[in-house]
2 protein chains.
Amino acid sequence: MQTKNIIEEKNLKLTSARKELLELFGFEKKPISFEDIKHKINMDKATFYRNVSKFESESILNSFESNDKKRYYEIQDFPHAHFICNNCNNIECLENMEPIKLEGYKIFDMIFKGICKSCNK
Amino acid sequence: MQTKNIIEEKNLKLTSARKELLELFGFEKKPISFEDIKHKINMDKATFYRNVSKFESESILNSFESNDKKRYYEIQDFPHAHFICNNCNNIECLENMEPIKLEGYKIFDMIFKGICKSCNK
DNA sequence: AACTTATATGCAACTTAGTCGCAATGGCAA
DNA sequence: TTGCCATTGCGACTAAGTTGCATATAAGTT
């Protein structure tokens, strides 16, 4: 979907900060934190955080807390688990995992921690 | 194991702060943060954090970051997953889960997020 | 194109978990 | 009992994220 349609659908204003963010999140293939992109973007950190919060409440983005006290955001498309490497700290999307069920619980998110494929070689 | 043996085994000094912490962690059945126990313990927060870090590097404790930007610690016994409830924020140990394997990865920790049994009723 | 108004932005001050340097304390071995 | 080195408390600091407020701007209306 186009950036413009995403925004209009939610009755938000299409500002340059929002264009910038949505293009960036659309381009990245993995979750990103403010730290990761602060040098690439042209807005105050308050604007970043206010927008990603709004996007999250409008179901445009997902987020989760990593090992490093930072929150990571990604476009909300199909649900998938994440792998956080204790060695290289990389965050990977696990797109081909069959969903896990737990009787009585609703699972929205799954995070695995350990040693990733590349570090495990 | 006795507190004293745990400490001596790792060549650490058995201070009153360490006794207090190990008894508390041994007593609690779920992961706890500094916030959770600061009113119960008799030590500076720097002492708390320095000790839990040391215990972690000596494989006495495990820890992980929750939703709330706080780190939670627990006695390292048998490996198990955790469930964090997005609604009541409670952290539960899932002791009866069969371990999940991912080809090429080493998994040390698993965190599920969603709605827990009690909130899902 | 100018007018209007609610929404969004930048800035600076604030909050809060956790860390660090340093001087004082206290376990423990000799 | 002594002495040394790990450990402690304290206060200052760090860094992610939040908030209040004055200003700017998107977008609908005239």
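Numbers restart at 1 for each chain; the letters A, B, ... are given by sequence-line order, proteins then strands.
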Visitor: Do Ile100(A) and Phe83(B) land in one hydrophobic cluster if side-chain heavy atoms of ILVMFWY residues count as linked below 4.5 Å?
Guide: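 Result: yes, single cluster for both.
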Visitor: Which part of the nucleic acid does Lys54(A) contact within heavy-atom distance under 4.0 Å: base, sugar-phosphate only, or nothing?
Guide: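 Answer is sugar-phosphate: Lys54(A) comes under 4.0 Å of backbone atoms only.
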Visitor: Within the 3.5 Å criterion, strictly below it, is a donor on Tyr105(B) or Glu92(A) matched to an acceptor on the partner's side chain?
Guide: yes
Visitor: Report which part of the nucleic acid Arg50(A) touches: base, sugar-phosphate, or nothing (heavy-atom distance under 4.0 Å, all strands).
Guide: base
Visitor: What parts of residues 28-36 of chain A reach DNA chain C, counting only heavy atoms under 4.0 Å away?
Guide: none
Visitor: Specify the residue among Asp44(B) and Lys13(A) whose closest nucleotide of DNA chain C lies further upstream toward the 5′ end.
Guide: Lys13(A)
Visitor: Nearest heavy atom decides the nucleotide; on that basis, is Glu8(A) or Asn42(B) closer to the 5' end of DNA chain D?
Guide: Asn42(B)
Visitor: Calculate the interatomic distance between Glu58(B) atom CD and dA6(D) atom P; express it in whole Å.
Guide: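 So the CD-P distance, Glu58(B) to dA6(D), works out to 13 Å.
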Visitor: When the nearest nucleotide of DNA chain D is assigned to Ser16(A) and to Ala17(B) on a heavy-atom basis, which residue is associated with the more 5' position?
Guide: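 Its nucleotide being nearer the 5' end, the pick is Ala17(B).
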Visitor: What's the CZ-C1' distance between Arg18(B) and dT8(D), to the nearest Å?
Guide: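 Interatomic distance, CZ of Arg18(B) to C1' of dT8(D): 10 Å.
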Visitor: Give, for atom NZ of Lys121(B) and atom SG of Cys116(B), the distance between the pair rounded to the nearest 0.5 Å.
Guide: 9.0 Å
Visitor: Would you kindly give the CG-to-P distance between Leu14(B) and dA6(D), to the nearest whole Å?
Guide: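 Result: 17 Å.
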Visitor: Between Leu12(B) and Lys45(B), which has a closest nucleotide on DNA chain C that is more 5'?
Guide: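 Per heavy-atom nearest nucleotide, the more 5' residue is Lys45(B).
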Visitor: Rounded to the nearest 0.5 Å, what separates atom CG in Asn62(A) from atom CD in Gln76(A)?
Guide: 4.0 Å
Visitor: Once you round it to whole Å, what is the distance between C1' of dG9(D) and CG of Asn51(B)?
Guide: 13 Å
Visitor: Does a nitrogen or oxygen in the side chain of Thr15(B) sit under 4.0 Å from OP1 or OP2 of dT8(D)?
Guide: yes
Visitor: Do Phe112(B) and His82(B) have ring centroids that are under 6.0 Å from one another?
Guide: no
Visitor: For residues Glu35(B) and Tyr72(B), is any side-chain donor paired with an opposing acceptor at under 3.5 Å?
Guide: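 Their side chains do not contain a donor-acceptor pair, so the 3.5 Å distance test is not met.
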Visitor: Does dG17(D) have OP1 or OP2 under 4.0 Å away from a side-chain N or O of Tyr49(A)?
Guide: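 So the side-chain polar atoms of Tyr49(A) do come within 4.0 Å of the phosphate oxygens OP1 or OP2 of dG17(D), strictly under.
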Visitor: Take the protein atom CG of Leu22(B) and the nucleotide atom P of dT7(D), then report the distance between them rounded to whole Å.
Guide: 13 Å
Visitor: Between which nucleotides of DNA chain C, 5' to 3', does chain A make heavy-atom contacts below 4.0 Å?
Guide: dA6(C) to dG18(C)
Visitor: Look at Glu74(B) together with Lys30(B) and state whether they make a salt bridge at an N to O cut-off of under 4.0 Å.
Guide: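 No, no charged N to carboxylate O under 4.0 Å.
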Visitor: Does a donor on one side chain sit under 3.5 Å from an acceptor on the other, for Asn120(A) and Lys106(B)?
Guide: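 Indeed, the side chains of Asn120(A) and Lys106(B) share at least one donor-acceptor pair under 3.5 Å.
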Visitor: Indicate whether any N or O donor in one side chain lies under 3.5 Å from an N or O acceptor in the other, for Thr47(B) and Asp44(B).
Guide: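 No, no side-chain donor-acceptor contact under 3.5 Å.
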